[in-house]
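Report on the following structure.
Side-chain atoms are counted along with the backbone in the values below, which use heavy atoms only and exclude waters and symmetry mates. Just so it is clear, the structure is predicted and the values come from calculations on it, not from any experiment.
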Amino acid sequence: MRALLRVFDRLALGLAIVGALIIVVQMVWISYGVFMRYVLSSPDGTVTEATALLLFPTAFLGLAFALKESAYPKVTFLLDVLKPSAQRWLEALNLLLMILVAGFFAVAAVQGTIGSFRSGSASEILHWPRYLFWTPATISLLFFTTYAILKLVDLLKSSSDETVDSTASRSTPQ
C-alpha cells in the first residue's frame, strides 16, 4: 500500500507541475496581450478566452498535490486537544468527505467530458474543442478521488499507535 501511495505522490507532483506550466503559459500570453493592447494599440481578441479556458483544468491539476502536502485548511486547535485515536477518526472523516465531494465532481466531469466530445462543442472565439479542457480536469478529479481513497485505506489500516500529523500544514517559525 505504501509503495502505491509513493507512486501516487509522484503522480500528484507531476499533475501539479503540468498545472504550473499552464500558469506560465497564461502569464506569457496575458503579458503578450497587454503589450499588444497598450503598446502597439492592436488588441488580440484571443487572449481573454484562451487564458480563461486554461483556468478550468489548472484549477484541478493541483488538488492531489495539495492533499499530498496536507495543504488544505484544517482547524488544528481541535486536533491538538484530541487523543490520537480521535485524531485518526477525525482525519478519516475528513478524507471521507473529500472523497464524497470529489467523487461527485468527478462524475460530473466525466459526464461533461463525454457530453462535450459527443456534441462537438467548441469555444466561442477560438473554436477549440471543449473536451480538451474537460479532459485534464476529469483526469485530475478521478486521480484525486482515487488518491484520497488510498490515503483513507492506509489511515484505517495503519496501527492505532501511529498518530495523525496535525502540524504538517503549519509552517515552523524561523
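- Here the straight-line distance linking atom CZ of Phe105 with atom OG of Ser140 works out to 14.5 Å at 0.5 Å rounding.
- Under the 4.5 Å side-chain heavy-atom criterion for grouping Ile, Leu, Val, Met, Phe, Trp and Tyr, Tyr32 is connected to Val25 within one hydrophobic cluster.
- Considering only heavy atoms from C-beta on, Val110 comes within 4.5 Å of Ile114 through its side chain.
- Phe77 and Leu90 end up in the same hydrophobic cluster when Ile, Leu, Val, Met, Phe, Trp and Tyr side chains are linked at under 4.5 Å.
- Atom-to-atom distance recorded for Arg10:CZ and Lys68:NZ is 10.0 Å, nearest 0.5 angstrom.
- Here the side chains of Lys157 and Asp154 are not in contact, with every heavy-atom distance at 4.5 Å or above.
- Nearest heavy atoms, Thr145 versus Ile99: CG2-O, 4.1 Å.
- Taking each heavy atom of Leu53 and Ser123 in turn, the nearest pair found is CD1-CB, 3.5 Å.
- One distance of note links CZ of Arg2 with CG of Leu150; it measures 12.0 Å at 0.5 Å rounding.
- Both Phe144 and Phe56 are members of a single hydrophobic cluster when ILVMFWY side chains are connected at heavy-atom separations under 4.5 Å.
- Closest approach of Met98 to Leu67, counting heavy atoms only: SD-CD1, 3.8 Å.
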TODO: Could you give me the CA-CA distance, side-chain angles and deciding distance for Trp89 and Leu156, then say whether side-chain contact (heavy atoms from CB on, under 4.5 Å) is met?
DONE: CA-CA 9 Å; Trp89 284 108; Leu156 296 175; 4.0 Å; yes

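- Between Leu155 and Lys151, the closest side-chain pair of non-hydrogen atoms is not below 4.5 Å.
- In terms of heavy atoms, Gln87 sits closest to Leu82 at NE2-O, 3.3 Å.
- Atoms CD1 and CG, from Ile30 and Asp44 in turn, are 12.0 Å apart once rounded to the nearest 0.5 Å.
- Using a 4.5 Å heavy-atom threshold, the side chains of Leu13 and Ile17 count as touching.
- With hydrophobic clusters built from ILVMFWY side chains whose heavy atoms lie under 4.5 angstrom apart, Leu55 does not share a cluster with Ile23.
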TODO: Any chance you could lay out the side-chain contact (heavy atoms from CB on, under 4.5 Å) test for Leu97 and Val101, step after step, and finish with the verdict?
DONE: CA-CA 6 Å; Leu97 289 172; Val101 171; 5.5 Å; no

Open item on the list: As a quick check of understanding, evaluate side-chain contact (heavy atoms from CB on, under 4.5 Å) for Phe60 and Thr138, giving each step before the final call.
Closed with: CA-CA 8 Å; Phe60 297 103; Thr138 302; over 6 Å; no

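- Note: Leu152 CG to Asn94 CG = 10.0 Å, rounded to the nearest 0.5 Å.
- When all heavy atoms are compared, the tightest approach of Tyr147 to Ala12 is CE2-CB, 4.4 Å.
- Under the 3.5 Å distance criterion, the side-chain polar atoms of Arg130 are left unmatched by any main-chain donor or acceptor of Phe117.
- Under the 4.5 Å side-chain heavy-atom criterion for grouping Ile, Leu, Val, Met, Phe, Trp and Tyr, Leu126 is connected to Leu54 within one hydrophobic cluster.
- At a threshold of 4.5 Å between non-hydrogen side-chain atoms, the residues Val47 and Met36 do not count as touching.
- Judged purely by atom type and a 3.5 angstrom limit, Glu49 uses its side chain to pair as donor or acceptor with the backbone of Glu124.
- Using a distance-only test at 3.5 Å, with no hydrogens or angles considered, a donor-acceptor pair links the side chain of Tyr72 to the main chain of Leu63.
- Ser121 OG to Trp134 CH2: the interatomic distance, rounded to the nearest 0.5 Å, is 9.5 Å.
- Remark: the backbone N or O of Leu132 is not paired with any side-chain donor or acceptor of Thr135 at under 3.5 angstrom.
- With hydrogens and angles disregarded, a donor-acceptor distance shorter than 3.5 Å links the side chain of Arg88 to the backbone of Ser158.
- For an aromatic pair to be called close, the ring centres must be under 6.0 Å apart, and Phe143 with Phe8 satisfies this.
- Closest heavy-atom contact between Leu142 and Ala106: CD2-CB, 3.8 Å.
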